[in-house]
Number of protein chains: 2
Amino acid sequence: MGDTGNTSSTRNTAPASPSAPASTQERLVTSTQELLWERGYVGTSPKAILERAGVGQGSMYHHFTGKSDLALAAIRRTADGMQQAAEECFTAPGTAYDRVASYLLRERQVLRGCPIGRMTQDRDVVRSPELRQPLDEMFGWLRHRIAEVLAEGQRRGELAAGLDPVATAAAVAAVVQGGYVLARAAEDTAPFDAAVRGVLALLAAQAVIPATAPSSDTA
Amino acid sequence: MGDTGNTSSTRNTAPASPSAPASTQERLVTSTQELLWERGYVGTSPKAILERAGVGQGSMYHHFTGKSDLALAAIRRTADGMQQAAEECFTAPGTAYDRVASYLLRERQVLRGCPIGRMTQDRDVVRSPELRQPLDEMFGWLRHRIAEVLAEGQRRGELAAGLDPVATAAAVAAVVQGGYVLARAAEDTAPFDAAVRGVLALLAAQAVIPATAPSSDTA
DNA sequence: GTCTATATCGGGATAGAC
DNA sequence: GTCTATCCCGATATAGAC
């Protein structure tokens with residue numbers, strides 16, 4: 001129960017040389033990331049992890065205290081990767097709308113779902129403060145970052161001043177997560193794409209018209 | 001494997017007299033509905049269902065061919081209930097915006113998540129055509145119904161003609177499902193509420209101004 | 001119809017050899 | 001560090017008594 005003794009906590013960086021032959025520990029984490037994505041936490045057994053990683057039981061219990069400890073390492077790794085990928089969209093050049101659009105339209109494996117969002121539906125994950133924390137941080141950061149981009153767009157006069165950056169950011173993040181749900185229910189990416197088009201169109205309507213006459217402030 | 005022999009298929013109505021002491025079969029379905037919501041499909045064992053329903057193993061395998069067959073009955077029942085609840089919002093009086101808002105703002109047990117949306121994250125459910133069908137129908141109907149309401153709003157001149165009803169409907173449905181995800185990650189309903197406020201504000205901006213001068217058509 | 005055995009399998013973890 | 005052997009329990013289903 002009280003496991004998850006990850007002392008090397010917080011650190012969840014991938015190995016320095018990504019090309020080097022993966023260590024046993026690395027292979028365990030990678031395999032766990034894949035299986036958590038495919039089957040969720042309850043659906044993922046240590047046995048399946050070991051088989052995919054190609055190692056024996058002993059190795060796993062040597063490097064990790066148990067299933068939840070290994071899952072913690074895997075979830076952190078995945079969350080970090082997602083955050084980096086998202087940040088690339090938000091720092092891209094262009095208007096606030098462009099950058100949000102870049103995030104929404106970025107390539108995704110829609111039918112596989114969101115590897116982090118999925119964890120949210122897993123009872124054992126949400127009930128464990130340690131396992132939930134990376135999800136909380138990731139989505140908290142995401143909403144905050146989108147809100148920042150939107151607020152910046154307002155300051156630049158690109159977006160209507162009346163827009164609520166925080167609420168809009170939550171809506172944008174929710175559309176992506178909900179899009180996954182709708183797509184998986186239909187076994188078709190179309191609902192995801194439609195949802196993204198939907199918010200983007202609504203957001204585009206908030207773009208300020210190129211300012212017909214700001215001529216007065218120069219006079 | 002090839003079970004789910006629900007011959008009384010399609011029918012998933014609750015018993016005629018909801019007040020009468022629930023039959024064994026009814027208690028099994030109800031217990032399964034609850035457990036699927038709480039723990040998902042993989043996380044729900046027949047044993048747990050039997051304990052909650054207060055019946056023995058024999059009863060379950062007498063009325064149903066197995067776990068998946070019972071789950072099918074439960075999922076259908078839940079999906080039907082959700083559809084009915086949603087329809088009440090859409091048939092309510094008021095503008096298209098009002099009716100969509102009524103759906104979005106309707107009371108929910110946000111932190112428990114969506115009982116149908118959750119199934120979407122469950123491998124065994126999505127991989128089974130029978131089990132996935134109710135989800136597909138439910139969300140398909142939902143998107144279609146929201147699109148209808150929006151299109152009607154356009155015809156009535158309440159909403160901007162440029163609005164894409166189908167894409168907007170997908171976005172609205174996605175915001176709800178994604179809101180659940182964000183809320184559960186944060187263990188806080190705030191992100192859900194923010195997301196709903198967000199889309200509603202964006203949608204409100206699509207409302208046509210009360211028409212300053214429709215005076216010409218009477219002349 | 002409903003119950004209580006019973007059977008088989010896999011999940012999750014430990015022990016101890018190499 | 002890594003492996004295999006072993007342990008205990010719960011998941012899922014069947015058999016057959018009442």
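Proteins come first, then strands; the chains are lettered A, B, ... in the order of their sequence lines, and each starts at number 1.
Atom NE2 in His62(B) sits about 18 Å away from atom P in dG16(D), given to the nearest Å. Here the P atom of nucleotide dT14(C) and the CZ atom of Phe64(A) are 16 Å apart, to the nearest Å. When the P atom of dA11(D) is taken as reference, atom OH of Tyr41(B) falls 14 Å away, rounded to whole Å. Atom CE of Met60(A) is separated from atom P of dC3(D) by 13 Å (rounded to the nearest Å).
Shown for residues 44-57 of chain B: residues whose heavy atoms fall under 4.0 angstrom of DNA chain D, namely Thr44(B), Ser45(B), Pro46(B), Lys47(B), Gln57(B). Near-neighbour residues of DNA chain C inside residues 27-39 of chain B, defined by a heavy atom below 4.0 Å, are absent.
Residue Met60(B) is tested with Leu50(B), Thr32(B), Thr65(B) for a side-chain contact (heavy atoms from CB on, under 4.5 Å); the sole match is Leu50(B).
How far OH of Tyr61(A) is from NZ of Lys67(A): 9.5 Å, rounded to the nearest 0.5 Å. With rounding to the nearest 0.5 angstrom, the CG atom of Leu135(B) is 10.0 Å from the CE atom of Met138(B). Once rounded to the nearest 0.5 Å, the distance linking CZ of Arg118(B) with CZ of Arg112(B) reads 10.5 Å.
In this structure a side-chain-to-backbone donor-acceptor pair under 3.5 Å is present from Arg132(A) to Ala185(B). A distance-only check finds a donor-acceptor pair linking the side chain of Arg108(B) to the backbone of Leu104(B) [under 3.5 Å]. Within the 3.5 Å criterion, the main-chain N or O of Ala53(A) finds a donor-acceptor partner in the side chain of Arg27(A).
Side-chain proximity of Lys67(A) to the nucleotides dT2(C), dA13(C), dT14(D) is greatest for dA13(C). Of the candidate nucleotides dC3(C), dC3(D), dT14(D), dC3(C) has the atom lying nearest to any side-chain atom of Ser59(B).
Considering all non-hydrogen atoms of both residues, Ala86(B) and Leu142(B) come closest at CB-CD1, 4.4 Å.
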